[in-house]
Amino acid sequence: MSAIAVEHRRSAKAVTEEVKIRDAVQSDLPAIIKIYNAAIATRIATAQLEPVTLDDRRNWLKEHSPDRQPFWVLEIDRQIAGWLTLKPFLPRCAYRGTAEVSVYVDERFRRRGVGRTLLGEAIGRASALKIKAMVGLIFAHNEPSLRLFEQLGFERWGLLPRVAQLDGVERDLTIMGRHV
């Protein structure tokens, strides 16, 4: 995939970290699930309401293929800091060139460009993956994700009002889209 050296300024000294994006493998599932379960608990990033287990998601990676619908992890110094999936937007043939993108970042690595790097990689590789449009389905109250997608050229393509029920609260779903 791709490896990047990222330099961060912390206090008075610079720190260089090895950043690598690669296809997820089965041994990554515990870290991926940990990140996902943390997101579930926040009620801001996913409509999944109950934590998932390794048994629940054992076949998760089999639903993806590196050459068409990848499941990537981003590592910082060999720790999984975040992950991204591309999957079919809708099952009908006419939507074959449109992918739904999902991106999740470990709480310990937020605000360090992990989501931006993963999403940028997906945009950059869209043509090779035969993707013409990308769609993100984001809760309207998830302002950090909405800002991230907007900064990377996504536009608000739609709003589904009050379609989700999170702990008794009706939530809107924003459809973010970008032609690539």
Side-chain angles (χ1 to χ4, degrees), residues 1-2 21-29 31-40 43-74 80-105 114-140 142 144-166 171-180:
M1 292 292 311
S2 58
I21 297 173
R22 62 173 175 75
D23 293 320
V25 295
Q26 207 68 26
S27 61
D28 297 328
L29 276 177
I32 289 167
I33 289 169
K34 182 179 176 191
I35 292 167
Y36 190 56
N37 282 338
I40 291 168
R43 299 296 197 252
I44 194 168
T46 179
Q48 177 75 37
L49 299 177
E50 298 296 325
V52 299
T53 66
L54 190 55
D55 282 341
D56 295 336
R57 297 299 176 146
R58 193 163 303 282
N59 294 321
W60 209 355
L61 299 180
K62 292 177 185 172
E63 299 167 8
H64 295 271
S65 65
D67 62 333
R68 186 75 180 106
Q69 298 156 1
F71 194 131
W72 296 328
V73 294
L74 182 143
I80 295 176
W83 54 271
L84 176 141
T85 61
L86 292 171
K87 63 183 182 182
F89 171 61
L90 290 170
R92 302 276 190 248
C93 296
Y95 297 110
R96 203 173 279 147
T98 302
E100 180 184 339
V101 60
S102 297
V103 62
Y104 291 88
V105 177
V114 172
R116 176 182 303 279
T117 301
L118 282 163
L119 201 49
E121 182 82 7
I123 292 165
R125 296 200 49 218
S127 179
L129 296 166
K130 297 181 175 75
I131 295 171
K132 295 183 183 343
M134 299 173 102
V135 175
L137 305 176
I138 303 171
F139 286 132
N142 186 347
S145 288
L146 292 171
R147 274 194 306 275
L148 170 65
F149 276 65
E150 285 174 343
Q151 289 167 359
L152 290 170
F154 284 76
E155 300 171 322
R156 293 175 192 242
W157 283 359
L159 178 72
L160 302 174
R162 300 179 315 279
V163 296
Q165 190 77 234
L166 299 175
R171 296 293 187 173
D172 300 343
L173 187 66
T174 302
I175 302 168
M176 298 295 291
R178 176 189 165 135
H179 292 283
V180 288

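These numbers were taken from a predicted model, which means no experiment stands behind them. Each residue takes its place number in the sequence, starting with 1.
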**Message:** Please check if the number of heavy atoms outside Glu50 that lie under 6.0 Å from its CD is greater than 12.
**Reply:** no
What's the spacing between [X] [atom1] and [Y] [atom2] if we round to 0.5 Å?
X	Y	atom1	atom2	value
Ile175	Trp157	CD1	CH2	10.0 Å
Leu54	Ile33	CG	CD1	4.5 Å
Leu86	Leu129	CG	CG	6.5 Å
Asn59	His64	CG	NE2	11.5 Å
Leu61	Asp28	CG	CG	7.5 Å
His179	Ile123	NE2	CD1	13.0 Å

How close do [X] and [Y] get, counting heavy atoms only, and between which atoms?
X	Y	answer
Ile138	Ser145	CG2-CB, 3.9 Å
Asn142	Ile44	ND2-O, 3.1 Å
Ala24	Ile32	CB-CD1, 4.0 Å
Pro66	Asp23	CB-OD2, 3.5 Å
Ala122	Met134	CB-CE, 3.5 Å

**Request:** Can you run down the salt bridge (Lys or Arg N to Asp or Glu O under 4.0 Å) pairs that involve residues 85-96, sequence neighbours left out, and say none if there aren't any?
**Result:** none
**salt bridge (Lys or Arg N to Asp or Glu O under 4.0 Å) contacts touching residues 56-67 (sequence neighbours left out)** = Asp55-Arg58
**Prompt:** Relative to the ring of Phe71, is the ring of Trp83 parallel (under 30°), tilted (30 to 60°) or perpendicular (over 60°)?
**Reply:** parallel
Are [X] and [Y] packed together at the side-chain level, in the sense that at least one heavy-atom pair is separated by less than 4.5 angstrom?
X	Y	result
Val103	Phe149	yes
Leu166	Leu49	yes
Gln69	Thr85	no

**Prompt:** Quick check: does any side chain N or O of Asn37 sit under 3.5 Å from a backbone N or O of Lys34, one acting as donor and the other as acceptor?
**Reply:** no
**Request:** Answer yes or no: is there a donor N or O on one side and an acceptor on the other, between the side chain of Tyr104 and the main chain of Ala45, under 3.5 Å?
**Result:** yes
Test salt bridge (Lys or Arg N to Asp or Glu O under 4.0 Å) applied to [X] - qualifying residues, sequence neighbours left out:
X	result
Arg68	none
Glu155	none
Arg171	none

**Request:** Start with the C-alpha gap between Thr174 and Asp172, add the side-chain angles, then the distance that decides, and say whether side-chain contact (heavy atoms from CB on, under 4.5 Å) holds.
**Result:** CA-CA 7 Å; Thr174 302; Asp172 300 343; 5.6 Å; no
**Message:** Please evaluate residues Arg156 and Leu146 with respect to the criterion side-chain contact (heavy atoms from CB on, under 4.5 Å), reporting the C-alpha separation (whole Å), side-chain torsions for both, the decisive distance (0.1 Å), and the verdict.
**Reply:** CA-CA 9 Å; Arg156 293 175 192 242; Leu146 292 171; 3.8 Å; yes
**Item:** Partner residues of Leu148 under the side-chain contact (heavy atoms from CB on, under 4.5 Å) criterion, sequence neighbours left out
**Value:** Arg116, Leu119, Leu152
